[in-house]
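For ligands, and for the atoms within them, numbers begin at 1 and follow the listed sequence. Side-chain atoms are counted along with the backbone in the values below, which use heavy atoms only and exclude waters and symmetry mates.
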Amino acid sequence: MDTRRIFSPATVANVSCGFDAIAFALEALGDEMTFRKNESGEVRITRIEGAELPLEVDKNAAGVVAQRMLTAANASFGVDIEIQKKYKPGSGLGSSAASSAGAAFAVNQMLGEPYEPTQLVKFSMLGEEAACGSQIADNVAGAIFGGFVLVRSYHPLELVSIPTPSELFAVVVHPQIEVKTEDARRVLPKQIPVKHAVAQWANVGGLISGLYSGDYDLIGRSLVDVVAEPFRKEFIPHFDLVKEQAIASGALGAGISGSGPSIFALVKGRSQAEKVAKAMEAVYLENPVDHKIYISKIANRGVRII
Ligand code: HSE
């Protein structure tokens with residue numbers, strides 16, 4: 001088969017306490033991409049819908065990943081790539097990661113699946129570097145593996161899938177402004193006080209324990225971020241109010257999705273998630289901010305053929 005059409009999920013990275021180390025994939029949102037083998041031996045981005053992104057292969061996250069994989073495998077064919085973006089880049093929902101992971105998955109299939117998922121994440125990290133200047137693993141790991149993923153180590157890369165309690169839902173509000181990941185990383189302190197580090201790793205332990213045991217309240221209490229959120233929330237209109245309203249209306253907890261500006265909340269049960277979504281959205285209706293809102297299950301799988 002010379003064509004692959006795939007869905008690559010949007011992802012929520014950091015999950016408050018796990019900066020650069022935890023992410024989960026969304027079931028209800030992601031990009032669609034089509035890959036076709038070509039005889040030219042080259043990677044070509046033939047079409048991008050839904051966003052203004054570079055068509056030059058070496059500047060496009062999917063292009064960079066596909067090129068590196070074909071070169072590494074000494075492939076005799078090239079690939080044409082079509083990308084349908086379903087949400088804007090600079091959203092904090094792993095837009096470049098969805099493209100990178102989608103390319104890694106599809107090209108691996110075309111090569112006869114020589115690479116393991118962790119190797120696909122490594123290739124995808126090259127796409128992240130092209131898009132935002134850093135080889136960050138969290139979003140791409142979420143997109144490749146699905147569910148919750150922990151980046152236990154970067155060198156060597158070690159990824160751990162974490163179970164998702166069955167009634168866990170995510171609500172995501174995406175104010176329609178762009179925050180570049182580079183900018184959101186630049187405002188972070190180079191060093192943090194030990195007491196903040198203690199709070200952060202204790203919450204990571206709490207979150208992982210809560211996910212394993214299905215202790216929803218523990219999950220909620222662990223969604224605390226003293227490392228990035230205090231510095232990044234300034235980029236996000238009415239962040240404190242949206243978060244407050246999410247929790248007041250029954251969310252387990254809420255925080256910045258990845259590097260923002262999207263705000264996520266975790267909620268137990270769909271009907272509660274609908275209430276939380278209404279309360280979060282009300283803030284942007286009362287203080288007009290153009291936005292999109294999503295209610296989603298946590299995806300139990302990553303990139304997939306459609
Ligand atoms: N963990 C990364 C960050 C995700 O927060 O900068 C980038 O979307």
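Contacts of Asp20 with ligand 1, taken as heavy-atom pairs under 4.0 Å, involve both backbone and side chain.
Within 6.0 Å of atom NZ in Lys180, 12 or fewer heavy atoms from other residues, nucleotides or ligands are found, so the atom counts as exposed in its surroundings. Within a 6.0 Å radius of CD in Gln191, no more than 12 heavy atoms belonging to other residues, nucleotides or ligands are found.
Each of the atoms 3 (C), 5 (O), 6 (O) of ligand 1 lies under 4.0 Å from some heavy atom of Phe19. Near Arg185, with a cut-off below 4.0 Å to any heavy atom, the atoms of ligand 1 are 2 (C), 3 (C), 6 (O).
Using a 4.0 Å cutoff on heavy atoms, Arg232 counts as a contact of ligand 1. Put simply, part of Ser259 is less than 4.0 Å from ligand 1, judged by heavy atoms.
Distance OG/Ser95 to NZ/Lys86: 13.0 Å, rounded to 0.5 Å.
For Lys85 and Ser99, the side-chain atoms include at least one donor-acceptor pair closer than 3.5 Å. Between the side chains of Asn139 and Thr11, a donor-acceptor pair is found at a separation under 3.5 Å.
In this structure, atom 7 (C) of ligand 1 lies nearest to the protein heavy atom Asn139 OD1, 3.6 Å.
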